[in-house]
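Naming: A, B, ... by sequence-line order, numbering from 1 per chain.
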There are 2 protein chains.
Amino acid sequence: MNASSTPSTPGARASDTRARLIGTAQALLQTHGFAAFSYQHLADELGIRKASIHYHFASKDDLGVAVLAAFRASFDEWVRLHLGQDPHARMLAYLRIYTRFARDHGKACPVAMVSSDFFDLPETVREQARLLAQAHLLWLAATLEEGRQAGVFAFPGEARRQAEVIGCAAQGAVLSARMWGDQRMDDILRQLLAQLAPPPPARPVNIQIMD
Amino acid sequence: MNASSTPSTPGARASDTRARLIGTAQALLQTHGFAAFSYQHLADELGIRKASIHYHFASKDDLGVAVLAAFRASFDEWVRLHLGQDPHARMLAYLRIYTRFARDHGKACPVAMVSSDFFDLPETVREQARLLAQAHLLWLAATLEEGRQAGVFAFPGEARRQAEVIGCAAQGAVLSARMWGDQRMDDILRQLLAQLAPPPPARPVNIQIMD
DNA sequence: GTCTATATCCGGATAGAC
DNA sequence: GTCTATCCGGATATAGAC
């Protein structure tokens with residue numbers, strides 16, 4: 001009955017199962033939320049018994065902390081991989097993360113899912129959620145500011161505020177994709193980018209400034 | 001032990017309890033989500049036994065349908081009350097709905113909460129959620145388009161697309177207010193409005209067109 | 001590391017008295 | 001309309017064998 005491609009074996013290393021638990025829990029968190037997935041779901045997915053999970057994560061809260069920390073580590077790695085690109089390309093790549101989420105069985109942003117469960121979460125998990133959200137917002141603000149100075153983005157006020165708008169809209173977009181399909185979300189992200197585009201040069205007066 | 005201000009009495013009318021159930025369920029949906037609140041929570045709040053709730057709503061799904069229908073009725077009424085106002089004032093009033101949500105114990109948008117639970121909901125509840133979201137989007141699109149033609153809003157492309165951005169951002173904003181407090185959300189809504197503001201007249205050339 | 005077995009609690013739902 | 005009593009399933013978690 002073990003549906004897993006890598007059934008548990010007596011010689012399995014703890015770190016293997018632990019990593020697979022985190023990966024599966026990440027997917028379940030994005031599709032069903034933290035409260036709505038269970039050790040039973042995880043056990044079924046991995047082909048082990050649910051009691052075995054407690055060896056790796058004594059409580060579900062511990063698992064929640066590890067799952068959110070893993071999301072943060074993934075994002076840090078993603079940031080590292082895109083360090084060289086220009087702001088516009090980076091922002092495109094960032095929004096494509098959410099496009100991929102939505103297309104992958106309607107996964108939502110982990111931060112949005114945790115926010116929904118927020119009042120039923122222990123402080124340890126809440127803290128990790130804040131750290132993850134913070135990492136995204138800081139990156140967004142830096143990218144927006146860099147893009148504005150490079151002339152590829154235009155928006156009013158502080159980059160930090162604009163970063164919050166983009167982040168919230170992206171979260172809302174993947175949520176709405178669950179209702180309406182991922183085409184809806186593509187439209188929203190495109191509109192978000194269109195709003196960031198700088199206006200065309202003041203007027204088509206034929207002045208050319210030579211340098 | 002009845003904490004309710006209107007304890008159940010033998011002579012209570014069904015419509016009273018039914019209305020109180022819907023109202024309490026609306027609040028619980030916005031704070032904890034549909035899956036996370038229980039008949040027991042409702043019963044405690046109203047000062048009755050949980051079995052009694054089944055008289056009014058045979059199943060929790062039936063309650064969910066009624067709760068979302070009630071949200072839609074409230075919104076329709078809100079729309080009616082604001083018919084006379086100009087687009088800018090209407091949009092301000094609309095965003096203030098979410099500000100009030102966030103300040104009221106961190107309530108989220110019901111659509112966002114239902115979206116999180118979406119894959120675990122029966123089709124009857126999903127349908128109501130779509131109807132509610134649709135009502136908001138249609139109103140937003142109409143208000144945006146009217147405001148653009150009146151010159152108080154500026155945005156690229158179709159109003160319908162911009163409506164989706166505003167709606168998603170508002171949903172994300174109230175969710176993020178649960179993490180960071182409602183001041184954060186005020187900032188986001190302000191930024192949203194600032195982005196909608198039309199640019200200042202082409203340049204301060206001292207041309208006055210007389211009419 | 002993973003198992004079986006079990007403890008404990010809470011969820012929605014039903015039957016039938018009042 | 002609301003009650004008590006009960007059923008059943010599923011949740012997290014623990015104990016102890018292998």
Side-chain angles (χ1 to χ4, degrees), chain A residues 1-25 28-29 32-67 117 119-122 124-125, chain B residues 1-4 6-25 28-29 31-67 117 119-122 124-125:
Chain A
M1 203 53 110
N2 281 355
S4 170
S5 57
T6 312
S8 64
T9 63
R13 288 177 314 164
S15 62
D16 279 359
T17 301
R18 186 186 160 89
R20 293 179 63 214
L21 280 170
I22 290 179
T24 304
L28 288 173
L29 174 71
H32 296 277
F34 183 70
F37 82 82
S38 68
Y39 273 31
Q40 188 62 62
H41 296 137
L42 281 172
D44 291 346
E45 206 71 36
L46 267 72
I48 60 177
R49 305 283 112 184
K50 64 175 177 170
S52 310
I53 301 175
H54 287 278
Y55 171 81
H56 302 276
F57 301 99
S59 76
K60 198 183 173 187
D61 295 345
D62 294 335
L63 173 59
V65 169
V67 162
D117 288 340
F119 296 148
D120 299 305
L121 294 177
T124 50
V125 179
Chain B
M1 203 54 111
N2 283 355
S4 170
T6 311
S8 65
T9 64
R13 287 178 316 163
S15 63
D16 280 0
T17 302
R18 187 186 159 90
R20 294 178 63 213
L21 280 169
I22 291 178
T24 305
L28 288 173
L29 174 70
T31 47
H32 296 278
F34 183 70
F37 83 80
S38 68
Y39 273 31
Q40 188 62 62
H41 295 137
L42 281 172
D44 291 346
E45 206 70 36
L46 266 71
I48 60 177
R49 307 280 112 186
K50 65 172 179 171
S52 309
I53 301 175
H54 287 277
Y55 171 81
H56 303 277
F57 301 99
S59 75
K60 198 182 174 188
D61 296 345
D62 294 334
L63 174 59
V65 168
V67 162
D117 288 340
F119 296 147
D120 299 305
L121 294 177
T124 51
V125 179

Worksheet entry | Side-chain donor or acceptor of B/Lys60 paired with backbone N/O of B/Phe34 under 3.5 Å | yes

Item to complete: Look only at the side chain of A/His41 and the backbone of A/Ser38, and say whether a donor-acceptor pair between them is shorter than 3.5 Å.
Response: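 Confirmed, A/His41 side chain pairs with A/Ser38 backbone.
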
Using whole Å, what does the distance between atom [atom2] of nucleotide [N] and atom [atom1] of [X] come to?
X       : N      : atom1 : atom2 : result
B/Ile53 : D/dT4  : CD1   : P     : 13 Å
A/Arg49 : D/dC18 : CZ    : C1'   : 16 Å
B/Asp16 : D/dT2  : CG    : P     : 9 Å
A/Arg18 : C/dG1  : CZ    : C1'   : 14 Å
B/Arg20 : D/dT2  : CZ    : P     : 9 Å
B/His54 : D/dC3  : NE2   : P     : 13 Å
B/His56 : C/dA13 : NE2   : C1'   : 16 Å
A/Ile48 : C/dG1  : CD1   : C1'   : 9 Å

Discussion item. According to side-chain contact (heavy atoms from CB on, under 4.5 Å), who are the partners of A/Thr24, at least two apart in sequence or on a separate chain?
Written reply: A/Leu28, A/Leu42, A/Glu45, A/Leu46

Discussion item. Applying side-chain contact (heavy atoms from CB on, under 4.5 Å), can you list everything that pairs with A/Ala36, at least two apart in sequence or on another chain?
Written reply: A/His32, B/Asp120

Discussion item. So B/Phe57 and B/Val65, do their side chains get closer than 4.5 Å, heavy atoms only?
Written reply: no

Fill in: Side chain to side chain, B/Tyr39 and B/Leu63, heavy atoms closer than 4.5 Å
yes

Practice prompt. List for me each residue that meets side-chain hydrogen bond (donor to acceptor under 3.5 Å, both in side chains) alongside B/Ser59, sequence neighbours excluded, and say none if there are none.
Written response: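 side-chain hydrogen bond (donor to acceptor under 3.5 Å, both in side chains) list for B/Ser59, sorted by chain: B/Asp62.
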
Worksheet item: For B/Ser52, what residues pass the side-chain hydrogen bond (donor to acceptor under 3.5 Å, both in side chains) criterion, not counting sequence neighbours?
Response: none

Worksheet item: Given C/dT2, D/dG1, C/dT14, which nucleotide is nearest the side-chain atoms of A/Ser52?
Response: C/dT2

Item to complete: With the side chain of A/Ala51 defined as its heavy atoms from C-beta on, choose the nearest nucleotide among C/dA13, D/dT2, C/dA5.
Response: C/dA5

Practice prompt. Report yes if a side-chain nitrogen or oxygen of A/Ser59 is closer than 4.0 Å to either non-bridging phosphate oxygen (OP1 or OP2) of D/dT12; otherwise report no.
Written response: no

Discussion item. With a 4.0 Å cutoff (strictly under), does any side-chain N or O of B/Tyr55 reach OP1 or OP2 of D/dT2?
Written reply: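 Answer is no, no contact under 4.0 Å.
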
Response to the item:
Read 5' to 3' with Watson-Crick or G-U pairs under 3.5 Å, [ ] for crossing pairs and | for partners on another strand, DNA chain D gives |||||||.||||||||||

Could you go over nucleotides 7-11 of chain D and give all protein N or O partners under 3.5 Å, atom names and distances?
residue, atom, partner, partner atom, Å
D/dA11, OP1, A/Ser38, OG, 3.2

Item to complete: Please assess B/Phe37 against B/Thr31 for the test side-chain contact (heavy atoms from CB on, under 4.5 Å), listing each intermediate value before the final yes or no.
Response: CA-CA 9 Å; B/Phe37 83 80; B/Thr31 47; over 6 Å; no

